[in-house]
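Read the structure below first, then the notes.
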Amino acid sequence: TDGRYILGERPDILLLGNVQTRRGRGRPGDMTIKLQEKEITSLPSFARDYEFINIHLFGEINLMCYKRKGFFLPLE
């Protein structure tokens, strides 16, 4: 629940809302952000440093998450 600490560690990927997958491509508004994660998403550094992405898993299933800008994912 300490959003400043978490973002201060500069994680490459943020899996929010108990790891969310969906059929097809998701959008940020499709994610359910848990109450204890709201501090992370409300910080200016979150909007500045992270971007929403879909990671294709298999078939039509994608993982919705946030990636640190500038972090290279070999799947891109």
Side-chain angles (χ1 to χ4, degrees):
T1 61
D2 188 344
R4 289 187 193 285
Y5 172 78
I6 292 168
L7 292 182
E9 293 294 303
R10 296 183 38 84
D12 296 325
I13 301 286
L14 288 168
L15 302 174
L16 302 176
N18 269 357
V19 183
Q20 296 180 47
T21 61
R22 70 174 290 134
R23 188 173 305 277
R25 294 186 60 79
R27 298 178 313 239
D30 296 330
M31 290 189 76
T32 302
I33 305 299
K34 296 171 75 174
L35 180 61
Q36 53 274 48
E37 298 166 334
K38 295 238 185 240
E39 181 182 350
I40 295 169
T41 59
S42 68
L43 292 169
S45 58
F46 175 77
R48 181 189 66 227
D49 298 336
Y50 289 85
E51 60 188 344
F52 178 84
I53 63 167
N54 287 274
I55 298 175
H56 179 255
L57 298 177
F58 59 89
E60 297 178 27
I61 305 300
N62 288 290
L63 170 68
M64 298 185 298
C65 59
Y66 286 86
K67 176 182 82 70
R68 186 172 45 79
K69 293 175 183 174
F71 174 68
F72 173 74
L73 269 179
L75 303 173
E76 294 180 321

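As a basis for the values below, the full set of heavy atoms in this structure was taken, side chains included, without hydrogen atoms, waters or symmetry mates.
- At a threshold of 4.0 Å, the pair K67-E51 counts as salt-bridged, since one of the basic side-chain nitrogens sits closer than that to a carboxylate oxygen.
- How far CD of Q36 is from CG of L16: 10.5 Å, rounded to the nearest 0.5 Å.
- Summarising the geometry, atom CD belonging to E37 is positioned 9.5 Å from atom CZ belonging to F46; distances are rounded to the nearest 0.5 Å.
- In terms of hydrophobic clustering, with Ile, Leu, Val, Met, Phe, Trp and Tyr side chains grouped at heavy-atom distances under 4.5 Å, M31 and V19 are assigned to different clusters.
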Identify every side-chain donor-acceptor pair in residues 52-66 under 3.5 Å, counting partners at least two apart or on other chains, and give the distances.
residue	atom	partner	partner atom	Å
N54	OD1	G26	N	2.8
N54	ND2	G26	O	3.0
H56	NE2	G59	O	2.7
N62	OD1	H56	N	3.4
N62	ND2	G24	O	2.9

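- Annotation: salt bridge (charged side-chain N to carboxylate O under 4.0 Å, His left out) contacts of R27 (sequence neighbours excluded): D30.
- Ion pair R68/D49 not flagged as a salt bridge, since none of the NZ, NE, NH1 or NH2 atoms sits closer than 4.0 Å to an Asp/Glu carboxylate oxygen.
- Residue I40 is not grouped with residue I13 when hydrophobic side chains (ILVMFWY) are merged at heavy-atom distances under 4.5 angstrom, including chains of intermediate members.
- Here the side chains of L14 and L7 are in contact, with some heavy-atom distance below 4.5 Å.
- Legend: residues meeting side chain to side chain contact (heavy atoms under 4.5 Å, CB included) with N18, ordered by chain and number and at least two apart, are K34.
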